[in-house]
Amino acid sequence: MSIQDIERQRPDQAQPAATGLRGRWWALAALVLSGLVIGLDTTVLITALPTLSARLGATTTDLQWISAAYTLALGGLLLVGGVLGDRYGRKRLLLLGLGIFGISSVVASQVTTAAELIGMRAIMGIGASLILPLSLSILPSMFSEEERPRAVGAGAAGAFLGLPLGPLVAGYLLTHYAWGTIFLINAPVVVIALIGVTLFVPEGRDPQPKPLDVVGALLSVAGVTALVYGVIEQPLHGWGDLRVLGAIVGGVVILLAFVAWDLRHPTPFVDMGLFLDRRFTWATVAFVATGFALFGVMFILTPYLQIVQGSDAQATGLKLLPLIGGVIVGAGAGNQLAARLGARVGIPTGMIVSTVGLGALAQAGAETTYGTVAIGLAVVGLGLGIGLPTALDVILGSAPPAQTGTAAALSRMLQQVAASFGVALLGSILTTGYQASLSAHLGGLPSAIRNAAEGSLAGAAAVAAHLPASLGGALKHAADQAYAAGMDQVMLVSAAIMLGGAIAIAIWMPRAGTRAG
């Protein structure tokens, strides 16, 4: 028997705060709310940035950092949050994260400058770095192996539902209330989650924690932060810019140093032995592929709905509802599929279904009716619901009980980094396709107009509105077609990534009960 197998049999130190079936499912409801609020905040700004620019006088750089400050703090500290939860108590750190997130959300709703909002967004990211890995890592100590897939499916679906719900909630609030309500809405959700976690969720942690590897912790934070920072700066400065290349290369070097340090350290910050279990490794690959392929799609699809199809903020959110419906249906179907055929079939099946949905979205054009988009979104959501909860269940089930927080944080951190690269790389593909398609229609226009139109779809729409009707209408139509063409390329690339990941997982992921080999 290996050391890892011995650790797997070590009981997690848990003192249940609730007994009986009802108490455990109330605890799950509280954890679902904890994950939901993070999902919401990840995408709520997609439709809110134009409003924030007007209300706070935010520049383009300010708007970038209102999003980036949260992403940097979340990505850089995710792994630390999971490790500290395993060491000092997952419930305790989850409550701390909820408190930080809730208070900073309330303060963010009342700020009057972009700089203040950027600071609050960074603090919100710190809170989220505790909530995201720990809200689901507690589940294995609450549910039996037979019950866990249902519980994880419900919890994961809650977190995933927050992503498409963000634009919907933001659209409604921005249409009817002050801009600050997009952050203030977090407060009642956090309060309910705090009460539920306090009353019903048991504490759990490593009963024999090893000395904390401070050097490993600092290396992990520095490496991920540098890597994500470089990717965030890319849209403004390009891949060839020294600060972009320096940050990305520096981040990779630091992370390699982190891995080398951890492999030699007697009590490493993160046990890299987790990856010796191929079920954990390939379930994490599913998170990485999905993060890369689909987070970029969310950001690219929103301008299409708003500008090309002419939807306001609230209507854009409503048009994402098929994605939510697909996730809900898929989560139930995924549990049954995995129970009958195993995760080796369930996870790739979900990814292939999402691939089909991305293929449908690749058919969208400037004159395409919303029906095509709705079908594509529903199928993408169905695949997400089938595959990702099953992948998360594998991650939690394959990790030793004392390391579930670390395992969840490690997979989510890798997904976050992949999502950042996905937004940047897919955005580059979109920009290249958009500019190539539009350039043929800009002949004879002044250079300032050409530059604004080629810069972005929003820029082209703004320029077109100030031109004579015939010329402006032609430019708007050409820009819409160019954006749709670039978006279709992105959908096909994303579909290829999802399909490649599904094939790899189907081939190399072991069946249930098979260990590393």
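We're numbering straight along the sequence, starting at 1.
Here the shortest heavy-atom pairing between G291 and Q415 reads CA-CG, 3.9 Å. The nearest pair of heavy atoms linking A73 to S129 is O-CB, 4.3 Å.
A side-chain donor-acceptor contact under 3.5 Å links D86 to the backbone of G405. Counting only distance, with no hydrogens or angles, the side chain of S456 and the backbone of G459 share a donor-acceptor pair below 3.5 Å. A donor-acceptor pair is defined here as one N or O able to donate and one able to accept, closer than 3.5 Å; no such pair exists between the side chain of D213 and the backbone of P268.
L392 CG to L396 CG: the interatomic distance, rounded to the nearest 0.5 Å, is 4.5 Å. Taken to the nearest 0.5 Å, the OG1 atom of T290 stands 8.0 Å off from the CZ atom of F287. Expressed to the nearest 0.5 Å, how far OG1 of T406 lies from CG of L78 amounts to 12.0 Å. Summarising the geometry, atom CG belonging to L31 is positioned 11.0 Å from atom CD1 belonging to I131; distances are rounded to the nearest 0.5 Å.
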Side chain to side chain contact (heavy atoms under 4.5 Å, CB included) between S137 and L134, worked out: CA-CA 5 Å; S137 66; L134 299 179; 3.7 Å; yes
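Classified by interplanar angle (parallel below 30°, tilted 30° to 60°, perpendicular above 60°), the ring pair W26/F200 is parallel.
Counted within 6.0 Å of CZ on R148, heavy atoms from surrounding residues, nucleotides or ligands total more than 12; the atom is thus considered enclosed.
The aromatic ring centres of F292 and F421 sit 6.0 Å or more apart.
Checking Q234 against S428 by side-chain atom types alone, a donor-acceptor pair falls below 3.5 Å.
At least one side-chain heavy atom of L72 sits less than 4.5 Å from a side-chain heavy atom of Y229.
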